Amino acid sequence: LSRQVINLGISHYKNSRAAELGTLVNKRQTRASYGVDLAARCAEQAFVKDVQFCPSNSTMGSGLVGKRMIRMAKALYLICARENCKSLCVPIDWRDKVHVVDGTKVDSCLGLDSRVTHFRRATLSHGAVVAHAKQANHHHIGVVEADASFIDPVAEEHPKYDAHEAIRSVGQLLTNSEQASDAAFTIIRLGYRAWEFEVGFTACPYGCGCRYSDELTKSDAFCTVTRAQCDLRGSHAYILGRDSYSLFLEPVLSKKAVNKVIDFNVFQRFPQQVIMSPMLAVQTTAITTADFVEPERQRADSDAFIETCRVH
């Protein structure tokens, strides 16, 4: 795919990034920031040993398309917690590049206590793995939460979907990002929560137009939300580009940003988000019942978002 096709809002992207990165990410810990060095070290100290692997079609959902896309990233981070890390069975296709990270060990390393909310602690676990990737200078990384379940599009519902073309297209997008001085995306969302549709929106919210091109792929496997501030929540499965590490870490590693939750006040700041169409991963659990909707509802709300907000 050509950068001209994918990069539908690059001027907006560059301007937004310049503004967001006016404050540089702190490499060392300060009173205001945990710092990239400490966060990266905490991620590495939280790596789980003796990881179990299972056939890719029989663990973390039966879907294979999203798992293969995630595997194309230069490194993978699978975030779990406590006993879940011991019982977790990781897709064997990820074996040669995955780090399983125990989020509770990240908490301890950063000195977090019970006064820090679950949502903020989870956000800092994501921050730790992104800091680790930044230190390693990976071109892009896949990040997955242990409660993610991958799903393949149902042929009856999406008869034009071409899985091989979708995988090839994402692979080309990642390759292009390695070869270009500016990546044409900030993040690729394999799973997300179309929150405004969950609460009853029937029209596309302002700034959520998701742009396709007839030249993009034969299957329209993804679209691009060029503007920031579109309220898509969920952090259970995504690919993050190297150009976006600092954009991500600047709010996440701030000690003062107690309201900066990864999928509420962080991802919403990103322009040029690539959205899988249809969605390829759902959340299977939530910390409170109020935050959870059934996977089938997540898929339906995602389809409603794509149909309502699609732009050609």
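Note that the numbering runs from 1 along the sequence shown for the chain. The structure displayed is predicted, hence computed values, not measured ones. The basis for the numbers below is simple: all heavy atoms, side chains too, and nothing from hydrogens, waters or symmetry mates.
- Contact annotation: the side chain of Arg193 never approaches that of Asp263 to less than 4.5 Å [non-hydrogen atoms, C-beta and beyond].
- Judged by distance alone, with hydrogens and angles left aside, the side-chain atoms of Lys97 form no donor-acceptor pair with the main-chain N or O of Tyr77 at under 3.5 Å.
- For His132 and Phe47, the ring centers are positioned less than 6.0 Å apart.
- When each of Val154, Ile306, Ile151, Asp303 is checked for a side chain to side chain contact (heavy atoms under 4.5 Å, CB included) with Pro278, only Asp303 meets the rule.
- Taking a 4.5 Å side-chain heavy-atom cut-off between Ile, Leu, Val, Met, Phe, Trp and Tyr, the cluster of Trp195 extends to Val199, Phe201.
- Residues satisfying the side chain to side chain contact (heavy atoms under 4.5 Å, CB included) criterion with Arg121, sequence neighbours excluded, are Asp107, Leu112, Val116, His118.
- By the side chain to side chain contact (heavy atoms under 4.5 Å, CB included) test, Arg95 is found to be paired with Phe53, Ile92, residues two or more places apart in sequence or in another chain being considered.
- In this structure, OG1 in Thr104 is found 9.5 Å from CD in Glu83, a value given to the nearest 0.5 Å.
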Apply side chain to side chain contact (heavy atoms under 4.5 Å, CB included) to His99 and Leu78, showing your working. CA-CA 6 Å; His99 299 295; Leu78 180 54; over 6 Å; no
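- Between the side chain of Arg68 and the backbone N or O of Ile167, no donor-acceptor pair lies under 3.5 Å.
- Between Ile70 and Ile239, the closest side-chain pair of non-hydrogen atoms falls below 4.5 Å.
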Just do the side-chain hydrogen bond (donor to acceptor under 3.5 Å, both in side chains) check on Thr224 and Tyr212 with the steps written out, would you? CA-CA 7 Å; Thr224 305; Tyr212 290 84; over 6 Å; no
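- Taking the salt bridge (Lys or Arg N to Asp or Glu O under 4.0 Å) definition, one finds that Glu196 meets it with nothing, sequence neighbours left out.
- Residues Arg233 and Asp231 are paired through a salt bridge, judged by an N-O separation under 4.0 Å between the basic side chain and the carboxylate.
- Between atom CG of residue Asp37 and atom CD of residue Gln29 there is a gap of 10.0 Å, rounded to the nearest 0.5 Å.
- Note that CZ of Arg28 and OG of Ser33 are 13.0 Å apart. Values are rounded to the nearest 0.5 Å.
- Here the rule is side chain to side chain donor-acceptor pair (under 3.5 Å) with Gln135, and of Glu44, Lys27, Arg41 only Lys27 fits it.
- Residues meeting the salt bridge (Lys or Arg N to Asp or Glu O under 4.0 Å) test with Arg31, sequence neighbours left out: none.
- Across every non-hydrogen atom of Ser169 and Phe222, the tightest pair is CB-CE2, 3.9 Å.
- Distance alone, capped at 3.5 Å, is enough to place a donor-acceptor pair between the Gln298 side chain and the Val293 backbone.
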Hey, mind stepping through Ser125 and Val129 against side chain to side chain contact (heavy atoms under 4.5 Å, CB included) and telling me if it holds? CA-CA 7 Å; Ser125 290; Val129 302; over 6 Å; no
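- With sequence neighbours excluded, the residues satisfying side chain to side chain contact (heavy atoms under 4.5 Å, CB included) with Cys85 are Val48, Cys80, Asp102.
- Thr123 places a side-chain N or O within donor-acceptor distance of the main-chain N or O of Phe119, the cut-off being under 3.5 Å.
- In this structure Lys255 satisfies the salt bridge (Lys or Arg N to Asp or Glu O under 4.0 Å) test with no other residue, sequence neighbours excluded.
- Few gaps surround CZ on Arg297; more than 12 heavy atoms of other groups in view lie less than 6.0 Å from it.
- Side-chain contact between Asn176 and Phe185 is absent, with no heavy-atom pair separated by less than 4.5 Å.
- The cluster map of Ile, Leu, Val, Met, Phe, Trp and Tyr, joined by side-chain heavy atoms under 4.5 Å apart, puts Val90 and Leu64 in different clusters.
- Summarising the geometry of Val65 relative to Ala163, their closest heavy-atom pair is CG2-CB, 3.7 Å, with the distance given to 0.1 Å.
- Taking 4.5 Å as the limit, every side-chain heavy atom of Val274 sits out of range of all side-chain heavy atoms of Ile187.
- For residues 49-59, the set of pairs meeting the side chain to side chain donor-acceptor pair (under 3.5 Å) definition, not counting sequence neighbours, comprises Ser56-Asp93.
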Determine, stepwise, if the pair Arg269 / Glu250 fulfils side chain to side chain contact (heavy atoms under 4.5 Å, CB included). CA-CA 11 Å; Arg269 303 162 78 233; Glu250 189 256 335; 3.0 Å; yes
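- Here the closest non-hydrogen pair linking Leu232 and Gln268 is O-NE2, 3.8 Å.
- At least 2.5 Å separates the SG atom of Cys309 from that of Cys208.
- Under the 3.5 Å distance criterion, the side-chain polar atoms of Ser244 are left unmatched by any main-chain donor or acceptor of Leu247.
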Which side-chain N or O atoms in residues 136-146 pair as donor and acceptor under 3.5 Å with protein atoms at least two apart or in another chain?
{"from": "Asn137", "atom 1": "OD1", "to": "Arg242", "atom 2": "NH1", "distance (Å)": "3.2"}
{"from": "His139", "atom 1": "ND1", "to": "Arg242", "atom 2": "NH2", "distance (Å)": "3.3"}
{"from": "His140", "atom 1": "ND1", "to": "Lys74", "atom 2": "N", "distance (Å)": "3.4"}
{"from": "His140", "atom 1": "NE2", "to": "Glu178", "atom 2": "OE2", "distance (Å)": "2.9"}
{"from": "Glu145", "atom 1": "OE2", "to": "His126", "atom 2": "NE2", "distance (Å)": "2.8"}
{"from": "Glu145", "atom 1": "OE2", "to": "Ser235", "atom 2": "OG", "distance (Å)": "2.7"}

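- In terms of heavy-atom proximity, Cys230 sits nearest to Val225 at CB-CG1, 3.9 Å.
- The shortest side-chain heavy-atom distance between Arg71 and Pro91 does not fall under the 4.5 Å cut-off.
- Listed by chain and residue number, nothing satisfies the salt bridge (Lys or Arg N to Asp or Glu O under 4.0 Å) test with Asp152 (two or more places apart in sequence, or in another chain).
- Contact between Leu280 and Pro153 at its shortest, heavy atoms only, is CD2-CD, 3.8 Å.
- In terms of the side chain to side chain contact (heavy atoms under 4.5 Å, CB included) criterion, residue partners of Ala281 (sequence neighbours excluded) are, by chain and number, Phe150, His236, Ala237.
- Thr186 has its side chain within reach of Gln273: a pair of non-hydrogen atoms, C-beta onward, lies under 4.5 Å apart.
- Partners of Phe267 according to the ring pair (Phe, Tyr, Trp, His ring centres under 6.0 Å) rule, which considers only residues two or more places apart in sequence or in another chain, are Tyr238, Phe270.
- The shortest side-chain heavy-atom distance between Arg299 and Val282 falls under the 4.5 Å cut-off.
- From Leu253, atom CG reaches atom OG of Ser246 across 10.0 Å, with rounding to the nearest 0.5 Å.
- Taking the charged nitrogens against the carboxylate oxygens, Arg310 and Asp220 do have a contact shorter than 4.0 Å, which makes a salt bridge.
- In terms of heavy atoms, Cys109 sits closest to Gln45 at SG-OE1, 3.5 Å.
- Side-chain atoms of Asn26 and Val36, non-hydrogen and from C-beta on, never get closer than 4.5 Å to each other.
- Lys86 contributes no side-chain N or O that, together with a main-chain N or O of Val51, makes up a donor-acceptor pair within less than 3.5 Å.
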Take Val266 and Val261 through the side chain to side chain contact (heavy atoms under 4.5 Å, CB included) test and state the conclusion after the steps. CA-CA 6 Å; Val266 177; Val261 174; over 6 Å; no
